[in-house]
Amino acid sequence: MRRLGRSFFAGDPAAVARALLGTLLVVRDGPTKRVARVVETEAYGGADDPASHAFRGPTPRCAVMFGPPGVLYVYKSYGVHWCANVVTGPRGTASAVLVRAAELLAPEPGHLRGPGRVTRALGVTGADSGSDCSARDARVFFARDAVGLAGADVEATPRVGISRAVERPWRFVVCAHPALSRRTPAST
DNA sequence: CCAAAGATGTTCT
DNA sequence: GAACATCTTTGGT
(Lines give C-alpha, C1' and ligand atoms only; values in the text may rest on other atoms or scores of the structure.)
Protein backbone atom coordinates (compact mmCIF):
# COMPACT_ATOMS: atom_id res chain seq x y z
CA MET A 1 0.00 0.00 0.00
CA ARG A 2 1.60 3.24 -1.16
CA ARG A 3 0.47 6.70 -0.20
CA LEU A 4 -0.31 9.23 -2.91
CA GLY A 5 2.04 12.20 -3.01
CA ARG A 6 1.42 15.77 -3.99
CA SER A 7 2.26 15.25 -7.67
CA PHE A 8 -0.68 12.87 -7.97
CA PHE A 9 -3.10 15.76 -7.38
CA ALA A 10 -1.34 18.32 -9.57
CA GLY A 11 -3.24 17.53 -12.79
CA ASP A 12 -6.55 18.85 -14.00
CA PRO A 13 -9.52 17.93 -11.78
CA ALA A 14 -11.22 15.54 -14.21
CA ALA A 15 -8.05 13.50 -14.65
CA VAL A 16 -7.45 13.36 -10.91
CA ALA A 17 -11.08 12.45 -10.24
CA ARG A 18 -10.78 9.55 -12.66
CA ALA A 19 -7.46 8.45 -11.20
CA LEU A 20 -8.76 8.50 -7.62
CA LEU A 21 -11.27 5.74 -8.34
CA GLY A 22 -10.14 2.51 -6.71
CA THR A 23 -7.74 4.24 -4.32
CA LEU A 24 -8.05 4.03 -0.55
CA LEU A 25 -9.08 6.93 1.64
CA VAL A 26 -7.48 6.44 5.06
CA VAL A 27 -8.11 8.28 8.31
CA ARG A 28 -5.79 7.71 11.24
CA ASP A 29 -7.59 8.14 14.52
CA GLY A 30 -5.06 7.34 17.24
CA PRO A 31 -4.60 3.55 17.35
CA THR A 32 -7.50 2.81 15.00
CA LYS A 33 -7.57 3.34 11.26
CA ARG A 34 -10.59 3.82 9.05
CA VAL A 35 -10.24 2.79 5.41
CA ALA A 36 -12.61 3.09 2.44
CA ARG A 37 -12.18 2.44 -1.26
CA VAL A 38 -13.25 5.36 -3.44
CA VAL A 39 -15.87 4.37 -6.02
CA GLU A 40 -17.40 7.72 -7.05
CA THR A 41 -15.87 11.17 -7.53
CA GLU A 42 -16.75 14.51 -9.07
CA ALA A 43 -14.46 17.17 -10.54
CA TYR A 44 -14.98 20.87 -9.89
CA GLY A 45 -13.14 23.70 -11.62
CA GLY A 46 -12.72 27.40 -10.99
CA ALA A 47 -13.68 30.45 -13.03
CA ASP A 48 -14.59 28.15 -15.92
CA ASP A 49 -17.08 26.08 -13.91
CA PRO A 50 -20.39 27.69 -12.87
CA ALA A 51 -21.17 24.74 -10.60
CA SER A 52 -18.02 25.25 -8.51
CA HIS A 53 -17.81 27.11 -5.22
CA ALA A 54 -14.78 28.89 -6.71
CA PHE A 55 -16.63 30.18 -9.78
CA ARG A 56 -16.90 33.75 -8.48
CA GLY A 57 -13.40 33.90 -7.08
CA PRO A 58 -12.01 33.13 -3.63
CA THR A 59 -14.27 33.49 -0.60
CA PRO A 60 -13.48 32.65 3.03
CA ARG A 61 -15.03 29.23 2.52
CA CYS A 62 -13.47 28.13 -0.77
CA ALA A 63 -10.10 29.92 -0.59
CA VAL A 64 -8.41 26.55 -0.03
CA MET A 65 -9.34 25.58 -3.60
CA PHE A 66 -6.94 28.22 -4.92
CA GLY A 67 -4.00 26.82 -2.96
CA PRO A 68 -1.59 23.97 -3.64
CA PRO A 69 -2.83 20.50 -4.70
CA GLY A 70 -3.22 17.66 -2.23
CA VAL A 71 -4.89 19.80 0.42
CA LEU A 72 -8.30 18.89 1.83
CA TYR A 73 -11.26 21.17 1.23
CA VAL A 74 -14.09 20.20 3.59
CA TYR A 75 -17.27 22.23 3.63
CA LYS A 76 -20.71 21.82 5.20
CA SER A 77 -23.56 21.17 2.84
CA TYR A 78 -27.12 22.26 3.58
CA GLY A 79 -25.97 23.09 7.08
CA VAL A 80 -25.85 19.41 7.91
CA HIS A 81 -23.35 17.25 6.06
CA TRP A 82 -19.59 17.51 5.74
CA CYS A 83 -18.32 16.98 2.20
CA ALA A 84 -14.68 16.06 1.56
CA ASN A 85 -12.70 17.30 -1.43
CA VAL A 86 -9.03 17.28 -2.32
CA VAL A 87 -7.57 20.28 -4.13
CA THR A 88 -6.10 19.65 -7.60
CA GLY A 89 -4.17 21.63 -10.22
CA PRO A 90 -1.37 24.12 -9.72
CA ARG A 91 -1.42 26.74 -6.98
CA GLY A 92 -3.38 29.81 -8.05
CA THR A 93 -5.93 27.92 -10.14
CA ALA A 94 -9.04 26.70 -8.37
CA SER A 95 -10.16 23.10 -8.69
CA ALA A 96 -10.97 20.12 -6.51
CA VAL A 97 -12.35 16.59 -6.51
CA LEU A 98 -15.31 15.60 -4.33
CA VAL A 99 -15.44 12.07 -2.91
CA ARG A 100 -19.07 11.12 -3.39
CA ALA A 101 -19.14 7.44 -2.45
CA ALA A 102 -16.84 4.73 -1.13
CA GLU A 103 -16.79 1.16 0.06
CA LEU A 104 -15.93 0.99 3.75
CA LEU A 105 -13.30 -1.69 4.51
CA ALA A 106 -12.32 -0.94 8.10
CA PRO A 107 -13.20 -0.94 10.95
CA GLU A 108 -16.08 -2.88 9.38
CA PRO A 109 -17.45 -3.37 5.87
CA GLY A 110 -20.18 -1.07 4.59
CA HIS A 111 -21.39 1.12 1.76
CA LEU A 112 -20.86 4.86 2.04
CA ARG A 113 -23.43 6.09 -0.39
CA GLY A 114 -23.23 9.88 -0.71
CA PRO A 115 -20.61 12.44 0.34
CA GLY A 116 -22.20 13.09 3.73
CA ARG A 117 -22.04 9.44 4.66
CA VAL A 118 -18.41 9.15 3.57
CA THR A 119 -17.31 11.89 5.96
CA ARG A 120 -19.51 10.70 8.81
CA ALA A 121 -18.23 7.10 8.66
CA LEU A 122 -14.59 8.11 8.37
CA GLY A 123 -14.70 10.94 10.89
CA VAL A 124 -13.72 13.74 8.50
CA THR A 125 -14.94 17.20 9.54
CA GLY A 126 -14.30 20.87 8.84
CA ALA A 127 -11.35 20.63 11.21
CA ASP A 128 -9.55 18.67 8.48
CA SER A 129 -10.04 21.40 5.87
CA GLY A 130 -6.72 22.88 4.84
CA SER A 131 -4.68 19.88 5.96
CA ASP A 132 -2.21 18.41 3.49
CA CYS A 133 -3.00 14.81 2.46
CA SER A 134 0.49 14.32 1.09
CA ALA A 135 2.26 15.26 4.32
CA ARG A 136 4.07 12.47 6.16
CA ASP A 137 2.08 12.97 9.34
CA ALA A 138 -1.28 13.52 7.63
CA ARG A 139 -4.32 12.30 9.59
CA VAL A 140 -6.22 11.90 6.32
CA PHE A 141 -4.52 10.59 3.20
CA PHE A 142 -5.02 8.58 0.02
CA ALA A 143 -3.21 5.34 -0.83
CA ARG A 144 -2.95 2.80 -3.63
CA ASP A 145 -3.04 -0.96 -3.08
CA ALA A 146 -2.83 -4.04 -5.28
CA VAL A 147 -6.60 -4.35 -5.64
CA GLY A 148 -7.42 -0.94 -7.08
CA LEU A 149 -10.27 -1.11 -9.55
CA ALA A 150 -9.99 -4.91 -9.73
CA GLY A 151 -10.67 -4.79 -13.45
CA ALA A 152 -13.97 -2.94 -13.09
CA ASP A 153 -15.04 -0.47 -15.78
CA VAL A 154 -15.20 3.27 -15.21
CA GLU A 155 -17.92 5.55 -16.54
CA ALA A 156 -18.17 9.36 -16.80
CA THR A 157 -21.62 10.86 -16.20
CA PRO A 158 -23.11 14.29 -15.43
CA ARG A 159 -22.61 15.56 -11.88
CA VAL A 160 -25.25 15.12 -9.22
CA GLY A 161 -27.10 17.75 -7.21
CA ILE A 162 -26.08 20.85 -9.16
CA SER A 163 -28.17 23.25 -11.25
CA ARG A 164 -25.55 24.85 -13.51
CA ALA A 165 -23.19 23.26 -16.04
CA VAL A 166 -25.31 20.16 -15.59
CA GLU A 167 -24.21 18.59 -18.85
CA ARG A 168 -20.48 18.23 -18.16
CA PRO A 169 -19.52 14.58 -17.65
CA TRP A 170 -17.34 15.25 -14.63
CA ARG A 171 -18.70 12.56 -12.34
CA PHE A 172 -16.72 9.33 -12.40
CA VAL A 173 -18.01 6.02 -11.10
CA VAL A 174 -16.93 2.41 -10.85
CA CYS A 175 -19.57 0.75 -13.01
CA ALA A 176 -22.40 -1.03 -11.18
CA HIS A 177 -20.76 -0.70 -7.78
CA PRO A 178 -23.32 -1.18 -4.96
CA ALA A 179 -22.02 1.83 -3.01
CA LEU A 180 -22.76 4.37 -5.76
CA SER A 181 -24.84 7.28 -4.54
CA ARG A 182 -27.16 7.03 -7.52
CA ARG A 183 -27.90 4.51 -10.19
CA THR A 184 -26.83 5.53 -13.65
CA PRO A 185 -29.80 5.59 -16.02
CA ALA A 186 -29.71 2.86 -18.62
CA SER A 187 -28.80 4.41 -21.96
CA THR A 188 -30.11 2.23 -24.76
C1' DC B 1 -39.97 -0.03 -5.22
C1' DC B 2 -39.97 5.08 -6.61
C1' DA B 3 -41.02 9.97 -6.07
C1' DA B 4 -41.73 13.98 -3.36
C1' DA B 5 -40.75 17.03 0.22
C1' DG B 6 -39.01 18.45 4.98
C1' DA B 7 -35.09 19.34 7.90
C1' DT B 8 -31.27 22.12 8.62
C1' DG B 9 -27.92 26.25 9.09
C1' DT B 10 -23.93 28.21 6.62
C1' DT B 11 -22.54 31.15 2.94
C1' DC B 12 -22.80 34.75 -0.11
C1' DT B 13 -25.52 38.66 -2.34
C1' DG C 1 -33.12 36.89 1.87
C1' DA C 2 -32.08 33.18 -1.33
C1' DA C 3 -29.46 29.47 -2.57
C1' DC C 4 -27.32 25.31 -1.54
C1' DA C 5 -21.81 19.83 -4.61
C1' DT C 6 -27.50 16.40 0.95
C1' DC C 7 -30.00 12.80 3.70
C1' DT C 8 -34.06 10.96 5.67
C1' DT C 9 -38.74 10.09 6.06
C1' DT C 10 -43.10 9.71 4.27
C1' DG C 11 -46.60 8.43 1.18
C1' DG C 12 -48.06 6.45 -3.14
C1' DT C 13 -48.00 2.62 -6.56
Side-chain angles (χ1 to χ4, degrees), chain A residues 9 11-21 23 25 27 34 36-67 69-89 93-104 110-131 133 140 142 154-174 176-188:
Chain A
F9 304 101
D12 80 86
V16 175
R18 163 69 180 75
L20 270 179
L21 292 180
T23 66
L25 178 52
V27 177
R34 302 176 220 230
R37 191 175 304 281
V38 176
V39 299
E40 178 179 356
T41 58
E42 280 179 359
Y44 286 89
D48 60 331
D49 183 6
S52 171
H53 287 168
F55 179 55
R56 295 174 192 282
T59 66
R61 177 175 62 164
C62 73
V64 174
M65 288 182 69
F66 290 80
V71 170
L72 282 180
Y73 168 45
V74 184
Y75 70 91
K76 202 171 230 184
S77 172
Y78 291 84
V80 181
H81 311 282
W82 294 112
C83 294
N85 302 248
V86 59
V87 175
T88 65
T93 70
S95 57
V97 171
L98 169 70
V99 179
R100 273 199 68 86
E103 179 181 356
L104 186 62
H111 291 156
L112 309 180
R113 202 176 130 172
R117 294 196 238 238
V118 170
T119 55
R120 181 160 53 84
L122 295 178
V124 174
T125 71
D128 293 300
S129 199
S131 80
C133 293
V140 181
F142 291 89
V154 167
E155 184 182 12
T157 79
R159 292 174 289 183
V160 169
I162 57 171
S163 55
R164 298 184 299 257
V166 174
E167 71 290 349
R168 296 188 197 184
W170 282 3
R171 170 180 178 244
F172 298 88
V173 305
V174 175
H177 196 283
L180 293 183
S181 63
R182 294 200 190 175
R183 309 281 162 170
T184 41
S187 60
T188 49

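- Under the 4.5 Å side-chain criterion, counting only non-hydrogen atoms from C-beta, A:V87 is in contact with A:V64.
- The stretch residues 38-46 of chain A touches DNA chain C through A:Y44, each having a heavy atom within less than 4.0 Å of the strand.
- You'll find the side chain of A:K76 stays beyond 4.5 Å of the side chain of A:S129, heavy atoms only.
- You'll find a donor-acceptor pair under 3.5 Å spanning the side chain of A:Y75 and the base of C:dA5, going by distance alone.
- A close approach under 4.0 Å does occur between a side-chain nitrogen or oxygen of A:R164 and OP1 or OP2 of C:dC4.
- The phosphate of B:dG9 (OP1 or OP2) has no side-chain N or O of A:R61 nearer than 4.0 angstrom.
- Side-chain proximity of A:N85 to B:dT10, C:dT6, C:dA5: nearest is C:dA5.
- The CG atom of A:L180 sits 13 Å away from the P atom of C:dC7 (whole-angstrom rounding).
- In this structure, the NZ atom of A:K76 is 6 Å from the P atom of B:dT10, given to the nearest Å.
- Between the CG atom of A:L112 and the P atom of C:dT6 there is a distance of 16 Å, rounded to whole Å.
- In this structure, the salt bridge (Lys or Arg N to Asp or Glu O under 4.0 Å) partners of A:R159, at least two apart in sequence or on a different chain, are A:D49.
- Atom-to-atom, NE2 of A:H81 to P of B:dA7 comes out at 14 Å; the value is rounded to the nearest Å.
- The closest side-chain heavy-atom distance from A:V16 to A:T41 is not below 4.5 Å.
- At a threshold of 4.5 Å between non-hydrogen side-chain atoms, the residues A:T125 and A:V74 do not count as touching.
- Donor-acceptor pairing under 3.5 Å is lacking for the side chains of A:E103 and A:H111.
- Tested against A:S95, the residues A:T88, A:D12, A:N85 include a single side chain to side chain donor-acceptor pair (under 3.5 Å) partner, A:T88.
- Among the heavy atoms of the strands lying under 4.0 Å from A:L98 is at least one base atom, whether or not backbone atoms are also near.
- Taking a centre distance below 5.5 Å and an interplanar angle below 30 degrees as the stacking criterion, A:Y78 does not stack against the six-membered base ring of C:dC7.
- The nucleotide whose nearest atom lies closest to any side-chain atom of A:T59 is, among C:dC7, B:dC12, B:dT8, B:dC12.
- In terms of phosphate contacts, A:S163 brings a side-chain nitrogen or oxygen within less than 4.0 Å of OP1 or OP2 of C:dC4.
- Residue A:R117 has a polar side-chain atom (N or O) positioned under 4.0 Å from OP1 or OP2 of C:dT8.
- Listed by first residue number, the stems of DNA chain C with at least three Watson-Crick or G-U pairs below 3.5 Å are B:1-7 with C:6-12, B:9-12 with C:1-4.
- In this structure, A:R159 reaches neither bases nor backbone, as no heavy-atom distance under 4.0 Å exists between it and the strands shown.
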| task | Go through A:H53 and A:Y44 one step at a time and tell me if the ring pair (Phe, Tyr, Trp, His ring centres under 6.0 Å) criterion holds. | result | CA-CA 8 Å; A:H53 287 168; A:Y44 286 89; 7.4 Å; no

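- Between A:H53 and C:dA5 there is a side-chain polar atom (N or O) within less than 4.0 angstrom of OP1 or OP2.
- Using modelled atom types, one finds no donor on one side chain facing an acceptor on the other under 3.5 Å when comparing A:S181 with A:R113.
- Between A:Y73 atom OH and C:dA5 atom P there is a gap of 9 Å when expressed in whole angstrom units.
- With hydrogens and angles disregarded, no donor-acceptor distance shorter than 3.5 Å links the side chain of A:S77 to the backbone of A:C83.
- An OP1 or OP2 oxygen of C:dT6 is reached within less than 4.0 angstrom by a side-chain nitrogen or oxygen of A:R100.
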